[in-house]
Each structure stands twice: as C-alpha cells, then as structure tokens.
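Take a look at the structure set out below.
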Number of protein chains: 2
Amino acid sequence: MQYSSGDGGLGGQVEEAAYSPALPRDVSSPCVSCDVRTQAVCAVLSDEELNGLASLTQTNTYEVGDTLFFEGDTAGACFIVQGGALKLYKLLPDGRRQITGFLFKGDFLGMTPVEEYGYTAEVLEPVKACSLPSEKMQALVETYPKLSNRLLNLASMELAVAQEQMLLLGRKTAQERIASFLLWLSRRAEDRGESANPVRVPMSRGDMGDYLGLTVETVSRSITKLKTSGVITLKEGNRIEITDLDMIEAIAAGDGA
Amino acid sequence: MQYSSGDGGLGGQVEEAAYSPALPRDVSSPCVSCDVRTQAVCAVLSDEELNGLASLTQTNTYEVGDTLFFEGDTAGACFIVQGGALKLYKLLPDGRRQITGFLFKGDFLGMTPVEEYGYTAEVLEPVKACSLPSEKMQALVETYPKLSNRLLNLASMELAVAQEQMLLLGRKTAQERIASFLLWLSRRAEDRGESANPVRVPMSRGDMGDYLGLTVETVSRSITKLKTSGVITLKEGNRIEITDLDMIEAIAAGDGA
DNA sequence: CGGAAGATTGAAATTACTCAAAAGGTGTGG
DNA sequence: CCACACCTTTTGAGTAATTTCAATCTTCCG
C-alpha cells in the first residue's frame with residue numbers, strides 16, 4: 001500500500017523570506033521578484049501589496065515523498081508552488097486511492113471551505129513552495145477584494161477541470177482516458193513554457209492509474225496500444241511524443257476508432 | 001438518446017420582477033422577501049442592496065425537460081434556483097452522458113470562467129428561477145466584495161463535492177456509489193428542510209446512472225441488492241427509506257461487506 | 001554490478017455492460 | 001372507470017472491458 005512517507009506536515013527546509021542584502025535596491029521583497037509572480041494568485045497584487053505579503057509568508061523546499069499536509073489535518077496554511085510537482089489525493093479506508101489533481105509551478109493549494117484539508121498533498125518532484133497561514137490568507141482576502149476575485153476565478157477554472165474529469169471517470173474508456181490525460185499534460189506543460197510535444201511525464205503508471213480510475217496494468221496496456229498504433233512514441237527520460245495529434249485528440253474526445 | 005427537449009434557452013414563462021402594489025410596505029422588492037434569500041448567494045446582501053438587485057433580475061418558470069442553457073452556448077446569464085430540481089450534464093459526441101450535478105432550491109448556476117457554459121442545465125422537476133445577465137453579475141461582484149467572497153465560498157464547497165465525486169467515480173464499486181448517492185440525497189434534503197429519511201428520489205434510474213458512471217441496469221440491480229439485504233426499503237412516491245443507517249454509511253465509505 | 005522499484009506482458013477471474021424480455025406505473029381517451 | 005399505450009424499472013443471460021494475480025523485463029541508483 002502506498003501510504004505517504006515524509007515528515008507529516010510543514011517540515012520542509014525553511015528558507016527565510018528575508019533577503020540577502022547584496023541584491024539590487026528595487027527588489028525590496030522576495031514576493032516582488034518571485035518566479036511565479038505573474039501566474040500565481042498574487043498576480044493581482046501590486047508591488048507595495050506584495051511587500052506587505054512577504055513578511056507573512058515562508059518559503060520551504062520539500063523532497064519527493066514529503067507531504068505538505070494530509071487529508072483530515074486541520075488546515076493551517078495555504079501554499080503557492082514555485083517549482084516542482086505535487087499530487088493531491090483522497091483515500092478510502094482499505095487503501096484505494098483517487099488522485100484529484102497534479103500541481104505544478106504557479107499552482108495554488110490548501111484553501112478549504114471547512115476546517116480540515118480534503119486531500120493529501122504529496123511531492124512528486126522536489127518542490128519549492130511558499131506558505132501563508134490560513135488566518136493571514138483570510139485577512140488578505142478581506143482586505144483585497146481583487147484577491148478574492150482572483151481566487152474565485154481560479155476556483156471556477158478548477159471546477160471546470162473537475163467536471164471534465166468526472167466525464168472522463170464516469171464515461172470514457174481506458175484508451176480515451178489515457179489520450180485525454182496525455183493531451184492535458186502536454187497543454188499544461190505548454191502553459192508553463194515547457195516542451196509540449198515530447199511531453200515529460202513526471203508521474204508513475206500507478207499515479208496515472210489513480211488519477212484516471214484505472215489499474216497500473218491497464219494504464220500500461222493502453223499506452224502500449226497507443227504506441228503500437230503509431231499515435232505516440234515513448235522517448236527516453238519519461239517523455240512521450242505525440243506523433244498523431246489529430247488521432248489522439250479524436251480518441252480523447254471519444255470520437256476515436 | 002436523451003437529447004433535451006425544451007425551448008433551448010431563456011424561454012420560460014416570464015414573471016416580471018415588478019411587484020403587485022397590494023403587498024405590505026416594507027417588502028419593497030421581491031428579492032428582499034425571496035424564499036431562498038437566506039440560503040442563496042444573495043444571503044450576504046443587505047435589504048438596500050437587494051432592492052437594487054431586483055431591477056436587474058427576472059424570474060421565470062420552466063417545465064420538466066426544458067433547458068436553461070446548453071453546453072457550449074455563450075454564457076448570457078446566471079441563475080438562482082428558487083424551487084424545483086435541475087440536472088447539469090456534459091455529453092460526448094456519441095451521446096454518452098455525464099451528469100455533473102443535481103441542483104435544488106437555493107442553488108446557484110451559470111457562472112463560468114470562460115465565455116461558454118461548460119454543461120447543459122435541464123429541468124428535472126418544474127423550476128422557478130431568477131436570472132441575472134452575466135455582465136450585471138460581473139458588475140455586482142466588482143461592486144460588492146462580500147459577494148465575491150460568498151461566491152468563492154460556494155465554489156470551494158462545490159469543488160470539494162466534485163473531488164468527492166471523483167473518488168466515487170474512480171474508485172468505488174456500484175454498490176458503494178449507490179449508497180453514497182442515497183446518503184448525499186438524504187443530507188441535501190435535510191438541508192432544505194425536507195424529509196431526510198424516507199428520502200424522495202426525483203430522478204430516474206437513468207439519471208442516477210449518468211451521475212454515478214453506471215448503466216440503468218446496474219443501478220437497478222444495486223438498489224435491489226440494498227433492498228434485499230435490508231439496508232433500504234422502497235416506498236411509494238419514488239421515496240426510499242434508509243432502514244440501516246450504519247450499514248449504508250459503512251458501504252458508502254467503502255468499509256462495507 | 002547488484003538490488004529494488006517500476007513497467008510490461010500473460011492468463012484467469014470478475015465486475016459491470018449489452019441485449020432482450022417481462023413487469024410495473026402513469027396518463028389519456030374512450 | 002377501464003383499457004390501452006408508453007415509459008420506466010426490473011430481471012435474465014451472455015459478453016466484454018478491466019481487474020487480479022503472477023511472472024518477466026527494464027530502469028535506475030547505490
């Protein structure tokens with residue numbers, strides 16, 4: 001069974017928000033010069049506002065297998081991913097697992113309408129993330145209406161993705177699920193400015209299965225079938241090349257063979 | 001195939017927001033005295049704010065099979081359900097259907113982060129709903145920060161429900177799905193102040209299947225099995241009585257037999 | 001180089017699906 | 001009020017997709 005390892009919470013290596021004095025003057029706070037500033041939640045905040053924010057946040061790094069938090073934990077903070085990859089999942093008592101999402105650079109997590117986290121967040125590839133205590137976040141939302149608008153927008157987009165995933169889980173065949181997933185991975189990579197076509201696949205077959213409602217074996221067989229029919233090619237370094245885009249799109253849409 | 005009938009859009013019977021002059025003075029606007037005012041989005045608005053709102057909204061009624069809008073339509077308005085029941089669904093090109101949610105009194109729908117609706121909204125039981133043009137909604141959100149907070153909260157709750165549904169669709173057995181669904185229906189009925197235990201089931205077996213990722217036959221067989229094992233009893237009027245709450249909860253949680 | 005984890009492939013088992021028919025309900029019109 | 005037609009639900013039998021169990025192969029690290 002794959003219960004997560006890791007330090008069980010906020011135990012990454014702490015990297016103080018305070019800055020080295022050797023940096024240029026105009027970079028008055030780490031948030032202002034943050035890598036993901038333009039994509040993340042904070043995109044709507046001005047330089048001055050970000051300066052205030054910096055003192056409330058803490059940037060940590062996490063290793064593969066670490067968890068930012070567990071399903072059921074009291075929600076203490078929310079996070080912005082600055083780099084790396086995470087998987088979010090829910091478990092059934094007997095260990096069956098459903099991954100509800102994969103997160104990358106710029107993504108936001110940890111907001112919950114209730115007091116407890118609704119899923120576990122586990123590191124897939126070494127993560128750098130900044131965290132903000134829930135109360136501070138709450139206060140910020142009250143202070144800056146545009147932040148709440150931004151979060152509403154993000155939540156709405158997440159919801160649309162979740163509904164698309166319901167369609168996939170409820171009604172698509174194994175083949176269609178894999179095709180949809182590879183296309184999604186490719187588009188997300190493109191959004192991040194990474195290679196869309198030979199697309200890097202940072203998760204295991206098991207993780208793919210737990211995301212798509214399939215077993216490892218079915219994932220493997222479906223991928224083999226796509227490979228055999230010339231739709232994709234497996235490249236070294238866990239990368240997959242889409243060799244017939246029209247075909248894989250047709251399959252993903254449920255219009256395939 | 002069950003493509004929806006109906007008038008294809010905003011064609012319900014219009015009931016003007018203007019009020020009959022015979023009503024008490026203090027009820028200055030229909031929104032202030034609205035049935036669902038305390039549950040719906042508008043719960044966060046004051047009387048004065050609601051007065052302004054009333055002139056922007058229109059209340060319509062819709063018959064069974066009508067659609068408020070179709071997946072892919074340009075989003076023109078959002079809606080608050082004042083009574084009745086709706087199903088929201090997405091279709092694959094070959095007609096496979098996934099219901100993403102059932103909506104009841106007090107629920108809100110029609111907000112989208114993109115220009116098009118992401119699902120079709122079809123009437124299950126005669127609906128009374130008020131609608132608000134998308135631009136007006138957008139303007140309201142900008143004007144009243146608390147409204148955007150409220151919407152964020154609603155979206156977060158919806159998202160949590162969607163993630164729970166992913167777990168159900170990806171990892172639960174037919175039996176577990178039915179048990180989970182009946183419990184959910186029962187709890188929602190309770191929230192609305194209706195009978196939670198003999199719970200009314202307003203949707204067909206087919207709709208249940210399209211929500212739970214099952215076929216009609218599997219839904220029917222699973223219900224029969226729950227009935228046979230004494231967990232539920234089918235009552236007249238499409239109602240189901242939960243006769244062994246502990247058991248159905250255990251099954252729903254994946255901890256059953 | 002060796003060992004462990006992940007991925008693939010094969011064969012058998014199972015769950016849910018498909019096709020088909022009967023039973024139960026509901027509403028309409030005679 | 002009954003009869004008929006239509007639609008939904010249930011039940012049955014066979015099928016198919018995916019899972020399960022098992023073995024082999026590959027990759028990645030130490």
Side-chain angles (χ1 to χ4, degrees), chain A residues 1-5 63-65 87 92 94-98 124-126 168-179 200-228 232-240 251 254 256-257, chain B residues 1-2 5 63-65 87 92 94-98 124-125 168-179 201-228 232-240 251 254 256-257:
Chain A
M1 224 176 301
Q2 308 196 37
Y3 285 105
S4 38
S5 60
E63 295 310 310
V64 174
K87 58 188 175 196
L92 288 175
D94 62 1
R96 278 175 285 174
R97 187 174 67 153
Q98 180 65 38
L124 206 62
E125 291 192 311
L168 179 150
L169 291 168
R171 291 305 183 208
K172 289 188 181 177
T173 65
Q175 193 81 183
E176 292 165 351
R177 294 181 201 197
I178 297 290
R200 214 168 48 83
V201 181
M203 62 289 290
S204 70
R205 300 291 187 259
D207 286 341
M208 289 176 60
D210 282 344
Y211 184 56
L212 301 173
L214 302 169
T215 58
V216 189
E217 295 92 332
T218 302
V219 169
S220 181
R221 277 186 255 265
S222 300
I223 288 179
T224 300
K225 202 167 157 199
L226 285 176
K227 186 180 62 176
T228 306
I232 61 172
T233 309
L234 272 61
K235 316 279 265 188
E236 56 116 51
N238 291 322
R239 289 173 315 132
I240 292 184
I251 295 172
Chain B
M1 223 176 302
Q2 307 194 39
S5 61
E63 295 310 310
V64 173
K87 58 188 175 197
L92 288 175
D94 63 1
R96 277 175 285 172
R97 187 174 67 154
Q98 179 65 39
L124 206 62
E125 290 191 311
L168 178 149
L169 291 169
R171 290 304 182 211
K172 289 188 182 177
T173 65
Q175 193 81 181
E176 291 165 351
R177 295 180 200 199
I178 297 289
V201 181
M203 62 289 291
S204 69
R205 299 289 186 261
D207 285 341
M208 289 175 61
D210 282 343
Y211 184 55
L212 301 173
L214 302 169
T215 59
V216 189
E217 295 92 332
T218 301
V219 169
S220 180
R221 275 185 255 265
S222 299
I223 289 178
T224 300
K225 202 167 158 200
L226 285 176
K227 187 180 61 177
T228 306
I232 60 172
T233 309
L234 272 61
K235 316 279 266 189
E236 57 116 53
N238 290 322
R239 288 173 317 132
I240 293 183
I251 295 173

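Chain identifiers are assigned alphabetically (A, B, ...) following the order of the sequence lines, protein sequences preceding nucleic acid strands; residue numbering begins at 1 within each chain.
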Under 4.0 angstrom between A:T224 side-chain N/O and C:dT9 OP1 or OP2: yes
Whole-Å distance separating the CD1 atom of A:I223 from the P atom of D:dT26: 17 Å
B:I240 CD1 - D:dT10 C1' separation (whole Å): 14 Å
A:L214 CG - C:dT8 P separation (whole Å): 14 Å
Whole-Å distance separating the CZ atom of B:R171 from the C1' atom of C:dT15: 14 Å
Rounded distance (Å) that lies between atom P of D:dT19 and atom CZ of A:R205: 16 Å
Residue pair B:I240 / B:L226, side-chain heavy-atom distance below 4.5 Å: no
Distance in Å, B:M208 CE paired with B:M203 CE, rounded so as to fall on 0.5 Å steps: 7.5 Å
Proximity to the side chain of B:T215 - top-ranked nucleotide from C:dG6, C:dT9, C:dT18: C:dT18
Selected nucleotide, minimal atom distance to B:E217 side chain, candidates D:dG12, D:dT9, C:dT9: D:dG12
Sugar-phosphate only, base, or nothing, as touched by A:L212 at under 4.0 Å among non-hydrogen atoms: nothing
Sugar-phosphate, base or nothing in reach of A:G209, heavy atoms under 4.0 Å: nothing
Smallest separation among heavy atoms of A:R97 and A:D207, with atom names: NH2-OD1, 2.8 Å
Nearest-angstrom distance from the residue atom CE of A:M208 to C1' of C:dT8: 14 Å
Nearest to side-chain heavy atoms of A:T173, which nucleotide of D:dT18, C:dT9, C:dA16: D:dT18
Phosphate OP1/OP2 of C:dG6 contacted by A:S204 side-chain N/O (<4.0 Å): no
A:T228 (side chain) donor-acceptor with A:T224 (main chain) under 3.5 angstrom: yes
Spacing between A:R221 atom CZ and C:dG10 atom P, to the nearest angstrom: 9 Å
Separation of D:dC7 P from B:N238 CG (nearest whole Å): 17 Å
Closest nucleotide among D:dT10, C:dT8, D:dT18 to the A:S220 side chain: C:dT8
Candidate nucleotides D:dT10, C:dT8, C:dA7, ranked by approach to the side chain of A:L234 - the nearest: C:dT8
First of A:K172 and A:G237 reached from the 5' end of DNA chain D, by closest nucleotide: A:K172
Member of B:T218, B:L212, B:V219 meeting the side-chain contact (heavy atoms from CB on, under 4.5 Å) criterion with B:T215: B:T218
